[in-house]
Amino acid sequence: MKNKMPKKLSIVAVACLATMPFFTACGGDSFGGESFVAPSIEEAAHVKNSCTFNTNSYTYYKKVSVEDGIFLTREAALKGDTLVSVNTYKDAPYSFVAAECADMEGDEVRCEGDKITVIVTGDPAAMQESFKQAIATEERLCGMFQ
């Protein structure tokens, strides 16, 4: 069983590390489901931090947020022994995304433009339990923005 921990998740998700031994926070717009159009930079000036959260409570969640002026879409899906996480940073400086990418750990990490994909594998039962905890933690963090 592999136990891969990310060094850095995002500006807000660092608190999640304690509850998720297998979890790498993610986001993206490539899993099936709804698409997201982020507000423009002008809208961000008055939006400040915000967050929306959707989940099926067991194997998938999507969090769309504005964190310190950066539009972040985090999406994670658990399928058996594999967790696929995608973070998409809209309008973030390249250096910021590159630093985030350099800090991510997993069995496979792909950094493509403004998108970071992390794939982690492990014991399915342990990953499922960790993912349930991750969903609850991410949902609470999202609620703190509201």
Side-chain angles (χ1 to χ4, degrees), residues 2-79 82-122 126-146:
K2 296 178 183 177
N3 188 357
K4 299 289 185 178
M5 289 287 292
K7 292 180 195 171
K8 185 174 184 182
L9 300 178
S10 81
I11 299 165
V12 195
V14 174
C16 298
L17 284 172
T19 63
M20 301 172 284
F22 297 102
F23 179 73
T24 304
C26 308
D29 52 12
S30 61
F31 291 100
E34 72 274 11
S35 63
F36 170 72
V37 177
S40 68
I41 290 177
E42 294 80 25
E43 291 171 317
H46 73 273
V47 171
K48 304 287 184 195
N49 290 339
S50 64
C51 187
T52 59
F53 189 85
N54 296 301
T55 182
N56 69 2
S57 298
Y58 301 105
T59 60
Y60 171 84
Y61 81 82
K62 180 175 184 177
K63 179 178 171 183
V64 178
S65 60
V66 177
E67 300 176 14
D68 297 327
I70 295 173
F71 300 98
L72 172 63
T73 302
R74 175 177 300 132
E75 219 165 346
L78 180 63
K79 295 178 183 171
T82 304
L83 173 68
V84 177
S85 308
V86 181
N87 284 336
T88 303
Y89 304 86
K90 184 176 184 318
D91 299 326
Y94 174 78
S95 58
F96 177 85
V97 178
E100 290 285 302
C101 186
D103 285 343
M104 293 291 184
E105 291 184 3
D107 296 322
E108 182 180 347
V109 178
R110 292 188 305 247
C111 305
E112 305 163 296
D114 65 352
K115 186 181 290 187
I116 301 171
T117 303
V118 180
I119 300 171
V120 178
T121 57
M127 289 190 67
Q128 184 177 32
E129 185 58 36
S130 293
F131 194 68
K132 283 184 204 176
Q133 292 174 4
I135 287 172
T137 301
E138 286 290 330
E139 192 167 24
R140 279 192 302 273
L141 287 172
C142 195
M144 290 173 19
F145 276 136
Q146 304 306 326

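All values reported here derive from a predicted model rather than from experimental measurement.
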Query raised in the report: Tell me, do Ile135 and Tyr58 make a side-chain contact under 4.5 Å, heavy atoms counted?
Result: no
So which heavy atom on [X] is nearest to which on [Y], and how close?
X      : Y      : value
Glu105 : Val118 : O-CG1, 3.5 Å
Ser57  : Lys132 : O-CG, 4.3 Å
Cys142 : Phe53  : SG-CB, 3.7 Å
Ala76  : Leu83  : CB-CD1, 4.3 Å
Met127 : Gly122 : SD-N, 3.1 Å
Ile116 : Met104 : CG2-CG, 3.9 Å

Query - Test item: Asn49 side-chain N/O and Asp68 main-chain N/O as donor-acceptor pair under 3.5 Å - result: yes
Nearest 0.5 Å, please: how far is [atom2] in [Y] from [atom1] in [X]?
X      : Y      : atom1 : atom2 : result
Phe71  : Asp114 : CZ    : CG    : 12.5 Å
Thr73  : Lys62  : OG1   : NZ    : 6.0 Å
Phe131 : Tyr60  : CZ    : OH    : 9.5 Å
Glu67  : Ile70  : CD    : CD1   : 8.0 Å

Report summary line: Contacts of Thr59 meeting side-chain hydrogen bond (donor to acceptor under 3.5 Å, both in side chains) (sequence neighbours excluded), chain-then-number -> Asn56
Report task. Could you tell me which residues satisfy salt bridge (Lys or Arg N to Asp or Glu O under 4.0 Å) with Glu139, sequence neighbours excluded, listed by chain and number? Result -> none
**Report entry** Pairing residues for Thr82 by the side-chain contact (heavy atoms from CB on, under 4.5 Å) criterion, not counting sequence neighbours
**Finding:** Val84, Ile119, Thr121
